[in-house]
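The next block holds one structure in the form of C-alpha cells; read it before the comments.
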There are 2 protein chains.
Amino acid sequence: MKPPAFGGLTLADRAFEWLEAAIIKGDYPAGTKLDEVELAQAFGISRGPVREAIRRLEGRKLVERIAHVGARVAKRSQADLIDLLYIREALEGMACRLATSRISDASLDDLEELLAKHASEKPVQAGDSYFQKPGDLDFHFRIIQESGNRQLTEMLCEDLYHLLRVYRYKSSARKGRSLEALEEHRAILAAMRARDPDLAEKCMRQHLSHSRQAAHEEQENGVRPPRLKRA
Amino acid sequence: MKPPAFGGLTLADRAFEWLEAAIIKGDYPAGTKLDEVELAQAFGISRGPVREAIRRLEGRKLVERIAHVGARVAKRSQADLIDLLYIREALEGMACRLATSRISDASLDDLEELLAKHASEKPVQAGDSYFQKPGDLDFHFRIIQESGNRQLTEMLCEDLYHLLRVYRYKSSARKGRSLEALEEHRAILAAMRARDPDLAEKCMRQHLSHSRQAAHEEQENGVRPPRLKRA
DNA sequence: TTGACAAAAACTGTCGACAAAACTCTCTCC
DNA sequence: GGAGAGAGTTTTGTCGACAGTTTTTGTCAA
C-alpha cells in the first residue's frame, strides 16, 4: 500500500539513486550534511530507507559517516584529484592496450568515422570545447568498452568518471587545445590500427597526462582560501 | 541500554566489519544468501543494523541485492579474476613508477634489507611458498605506499587485494617460482635505485604478469563443472 | 510422475516510537 | 571577559510491528 513498488525499485534504492546523482551533479557540495529527517521528509518517506541509502553511499565512499554524528558528502582535495588522474592514466592506458589487441577492424572504422565527425564540427575548428566534452568522452568510452575487460570498464565508466565529476573536474579547454587533442586521438587510433599495444598505451597515457598536468598547474597557482567573515 | 556503544562503533558498523571479514576470509562463499533474520539472531540484534550493514556491503560491491528477494555474496567468475589481475598490473605498475621518483634513499635501503631477509629464509631457499606470501606482499605494499598516492594506495591495499582474496586467489607457487620472484623483486629495486621510472614500471608489470598468466592457464585447463547429484 | 494452480509460509520493505549520544544555549564562577 | 558546568534540544541508533512480495508447500488432475 505505502510502498508502491515503483518500477520494481524500493524506496531505499530510489533514494540512493537520487542522492548519488545529486552528489555527482554537484548539487550537494563536498562537506554537505545529509540530515536523515530532512531527507526523509523531502522524499516523503521514513528514515529507514534514507539510512540504507546513506549506508550504500558510504560503501561507495561518496559520503563519510561518523557514528552518532552524521553523514557528510566526502571531502576531496586537489591532491586527491591529481591522484585520481594518475589512476585514470594507468587504467585507461591498460584499456587502450587491451583494446588494441581485441578490437575488430569494423570497430576501428567506426572510431575513424567518429573522429572525422568531430573534426568537422564547428567548435573543434574554432579551437575550443572539444577536449573532455561529450565528443571526447565518446572516443574514450568506446575504447574502454573495446578493452573487453568488464571490471575495468565498470571501474572507469561507472566509478572513476563519476568521481571526477564530483571534483567539478573540467579539463583544460584552453584555446588550441582541442585541435591538439584531436591530433592525439588520431595518433592513438593509428597505433591501434597498427596493432601496436605498447604504442597505443603510450599515446593514450600521454594524451591523458595533459589533463593531469593542467591540474598540477592549477594546484601550483594555488587556490586562494575564501575570506572568512568574522562574526 | 541495548546498544552498549562498544568501542564507539554502532551495531551496524560491527555487523559490517564482521560480514566483510567473513566474506574476504571465504567463510561465506560466493552466492551465499545473507538472511537478515538469521544474521540478526546470530548477532543478537534486530534486523535494522543488519540491513544497513548489507547496504554498505552492496555499495562495496561485495554483495548483490535483488529487491524483495535478498542479498547474496557477489558471484565472481574466473574471467573476472583475470580482469582484476590486469587492473592490478596497471595500478601497481603506476605505483612503482611514482615510487621510483618519490622514494627516499633510506627507504630504498630498507627495501634492500627486506629482500636480503627474504633471501635468507628457508622456504625461499627451498624454492616454494615465497611468491604471494606475506613476504612478497610486504615488498609490494611497501612500494605502493611509497607511491605517495593516497587514492592509489587505498584502491590497491584496501580494495583490490581484498577482492583477490575473495577469489581464493593464490598465485602460482610452483617449485622454483619463488626464486624467480625474488630475482624479479631485485630487478624492480635496481630500477628504482637507478631512478628509472619507465624501467621500474616495466619490471613490476612483468613481475605481476606471471600471476595473470598462471590464472590464464588455469582457465585454459578448464575447471570441470561439478557432478550434479540426480535426486 | 508431471504439471498447474492455490494456499501458506518465509522473507524483505517500510514505518513509527523510544533510547542514547552529540550538540547548543544559558548560566555561573573565576 | 572567558572557561566550564548543566539543562534542554536536536539528531542518530535501535527496536518491534505490520504490510507486501516472493518462494515454498500442498493438492488435484492429466
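This one's a predicted model, so the numbers in the text were calculated from it and none came from an experiment. Throughout, a chain's letter reflects where its sequence line sits, starting with A, and its residues are numbered from 1.
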Using a strict 4.0 Å threshold on nitrogen-to-oxygen distance, state whether B:R205 and A:E201 make a salt bridge.
yes
The side-chain contact (heavy atoms from CB on, under 4.5 Å) partners of A:D109 (sequence neighbours excluded) come to A:R193
Using 4.0 Å as the upper bound for N to carboxylate O, is an ion pair formed by B:R56 and B:E20?
no
Spacing of B:L11 atom CG relative to D:dG16 atom P, expressed in whole Å:
12 Å
Partners meeting side-chain contact (heavy atoms from CB on, under 4.5 Å) with B:A99 (sequence neighbours left out)
B:I143, B:E146, B:M192
Taking atom types as modelled and ignoring hydrogens, do the side chains of A:S211 and A:R88 form a donor-acceptor contact shorter than 3.5 angstrom?
yes
Mind calculating the distance between CZ (A:R55) and P (C:dT14) to the nearest angstrom?
17 Å
Nucleotides 10-12 of chain C: which of its N/O atoms have a protein N/O under 3.5 Å away?
{"unit_1": "C:dC11", "atom_1": "OP1", "unit_2": "B:D35", "atom_2": "OD2", "d": "3.4"}
{"unit_1": "C:dT12", "atom_1": "O3'", "unit_2": "B:H68", "atom_2": "N", "d": "3.4"}

Any donor-acceptor N or O pair under 3.5 Å, side chains B:T10, B:D13:
yes
Atom-to-atom span, CD of B:Q41 to P of D:dT14 - whole angstrom:
18 Å
Output the rounded distance in Å from CD (B:E52) to P (D:dC15).
11 Å
